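A short write-up of the structure that comes next.
Residue numbers count from 1 along this sequence. FYI, side chains are in, hydrogens and waters are out, and symmetry mates aren't considered; it's all heavy atoms of this structure. For clarity, every value in this text was computed on a predicted model and none was experimentally measured. In each ligand, atom 1 is the first atom listed, and ligand 1 is the first ligand listed.
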Amino acid sequence: EQDDPDLYVRIVDRKSDGIVVRGAKLHITGASLVHEQVVMPTKAMRPEEADYAVSFSIPTNTSGVKIINRSFAEETAVDPFDYPFSARASMPEGFVVFDDVFVPWERVFLAGETHLAGHFARALGLWERTLGLAEAVEHAEIIVGLAALVTEQQGKERKPDVQNTLAELIAYAELLRMSLDYAVRNFERTPSGMVTPNVLAVNVAKYHYAAHFHEMVRNLQDVSGGLVLTLPKKADLDHPVAGPLLRKYLHTRDGVAIEDRMRVFNGIRDLTADSYGGWQQVVALQAGGGLLAQRVMMNRTFDIEAAKHKALRAVGATIKE
Ligand SMILES: Cc1cc2nc3c(=O)[nH]c(=O)nc-3n(C[C@H](O)[C@H](O)[C@H](O)COP(=O)(O)OP(=O)(O)OC[C@H]3O[C@@H](n4cnc5c(N)ncnc54)[C@H](O)[C@@H]3O)c2cc1C
């Protein structure tokens, strides 16, 4: 329970034509870029929390909606050569405040039905995790590719250490791809006929992604070396004095263009070690819910009785039917 009842979005007034809501949603990705704010509870609600069991959709420019933006992006334009990912992937995070916002009834989905709040929260988590996984699968493969390229460009790709690291990265990426694929193929159907990805599989996949992402970043950075951070910029390569020096001292082997080598290092830095890279590391953990959220869902949806039954049978113990 919080000191200030407004901290979680709640209904503060009920009128004949709608409700008035107050509260804040602290981390809404892209809130200021979209036409509608769709609001829902992020947890199940107890009967005494009826004012907090609220869901609605309103235009972003509704009176009383205030968005305070934060972005990982540089405030000035950056060269896509130096920032291959973040130069084209900026995404503002919105700290969204509902300052006594009127919502007409036709835009209200939930207003006090506490027994339904958990459904909204679980649906949000499920789809958010599924979406995050689709992107994570792509990123994981890009990480494998960057590790292969950076080591090839230095001529060390056949070294046992590098091969071991590449295998670790491949195992991570492939398990991620397989688990998302499994989750989608083994979909579930709600009583009303709505099809959703497999809940247990999505949570296992998201857990795998989040729990091991930082280890994969470490592996990539480990095989890459210090140029991840110390590589000069495109402007230096274009400079009449610095440029030729960079071309001479960044040379590794024939056939490796200096620009390509720089692009690969820039990709590694941008994706794992700079503002966007830092953002990615917290996104992996927190977006769609932290590790705890997936642990709760895995415990809730795994068939633990079947596993106990199997274990009892395996050890020859008595099975009570
Ligand atoms: C970049 C980014 C974008 C996001 N975008 C969106 C978005 O668009 N829409 C949206 O709805 N959400 C979004 N989120 C929110 C995200 O789902 C939450 O940040 C996440 O669920 C963690 O909740 P929290 O930040 O309130 O932290 P907390 O709830 O404080 O959780 C942090 C940690 O505290 C611990 N903890 C929390 N509660 C308990 C408990 N009851 N018992 C024991 N330990 C506990 C756990 O270790 C947990 O991992 C975004 C988050 C980030 C970082």
Number the atoms of ligand 1 from 1 as they appear, then name those within less than 4.0 Å of a heavy atom of [X], with their elements.
| X | answer |
| --- | --- |
| Val283 | 1 (C) |
| Gly289 | 17 (O), 20 (C), 21 (O) |
| Gly288 | 17 (O) |

Under 6.0 Å from the ring centre and within 45 degrees of the ring axis: does the NZ or CZ of Arg269 meet both conditions for the six-membered ring of Tyr83? yes
Does NZ or CZ of Lys25 fall inside the cone over Tyr8's six-membered ring, less than 6.0 Å from its centre and within 45° of the axis? yes
Quick one: look up the protein heavy atom nearest [atom] and list residue, atom name and how far away it is.
| atom | result |
| --- | --- |
| atom 53 (C) of ligand 1 | Gln286 CB, 3.8 Å |
| atom 1 (C) of ligand 1 | Glu93 OE2, 3.4 Å |
| atom 11 (O) of ligand 1 | Ile28 CD1, 3.8 Å |
| atom 37 (C) of ligand 1 | Leu292 CD2, 4.2 Å |

Should the heavy atoms of other residues, nucleotides or ligands under 6.0 Å from OH of Tyr182 be counted, would the total exceed 12? no
Would you find more than 12 non-hydrogen atoms of other residues, nucleotides or ligands less than 6.0 Å from Arg253 atom CZ? yes
Using the ring of each side chain (for Trp, its six-membered ring), is Tyr276 parallel, tilted or perpendicular to Trp279, with breaks at 30° and 60°? parallel
Scan the protein's non-hydrogen atoms and note whether one is under 4.0 Å from [atom].
| atom | value |
| --- | --- |
| atom 9 (N) of ligand 1 | yes |
| atom 29 (O) of ligand 1 | no |
| atom 15 (C) of ligand 1 | yes |
| atom 34 (O) of ligand 1 | no |
| atom 41 (N) of ligand 1 | no |
| atom 20 (C) of ligand 1 | yes |
| atom 44 (N) of ligand 1 | yes |

For Asp13, is there an ion pair with Lys15 - N to carboxylate O distance below 4.0 angstrom? yes
Verify whether one side chain among Gln153 and Thr252 offers a donor that lies under 3.5 Å from an acceptor in the other. no
Verify the distance criterion only: is there a donor paired with an acceptor across the side chains of Ser57 and Glu36 at less than 3.5 Å? yes
Heavy-atom nearest option to atom 51 (C) of ligand 1, drawn from Lys25, Arg129, Arg295, His27: His27
Under the salt bridge (Lys or Arg N to Asp or Glu O under 4.0 Å) rule, what do Asp51 and Arg14 come out as? Steps first, then yes or no, please. CA-CA 10 Å; Asp51 288 342; Arg14 290 163 193 266; 3.5 Å; yes
Correct closest heavy-atom pair for Val223 and Lys156 would be O-NZ, 2.8 Å
Polar proximity ligand 1 side, Thr29 side, N/O cut 3.5 Å exclusive: yes
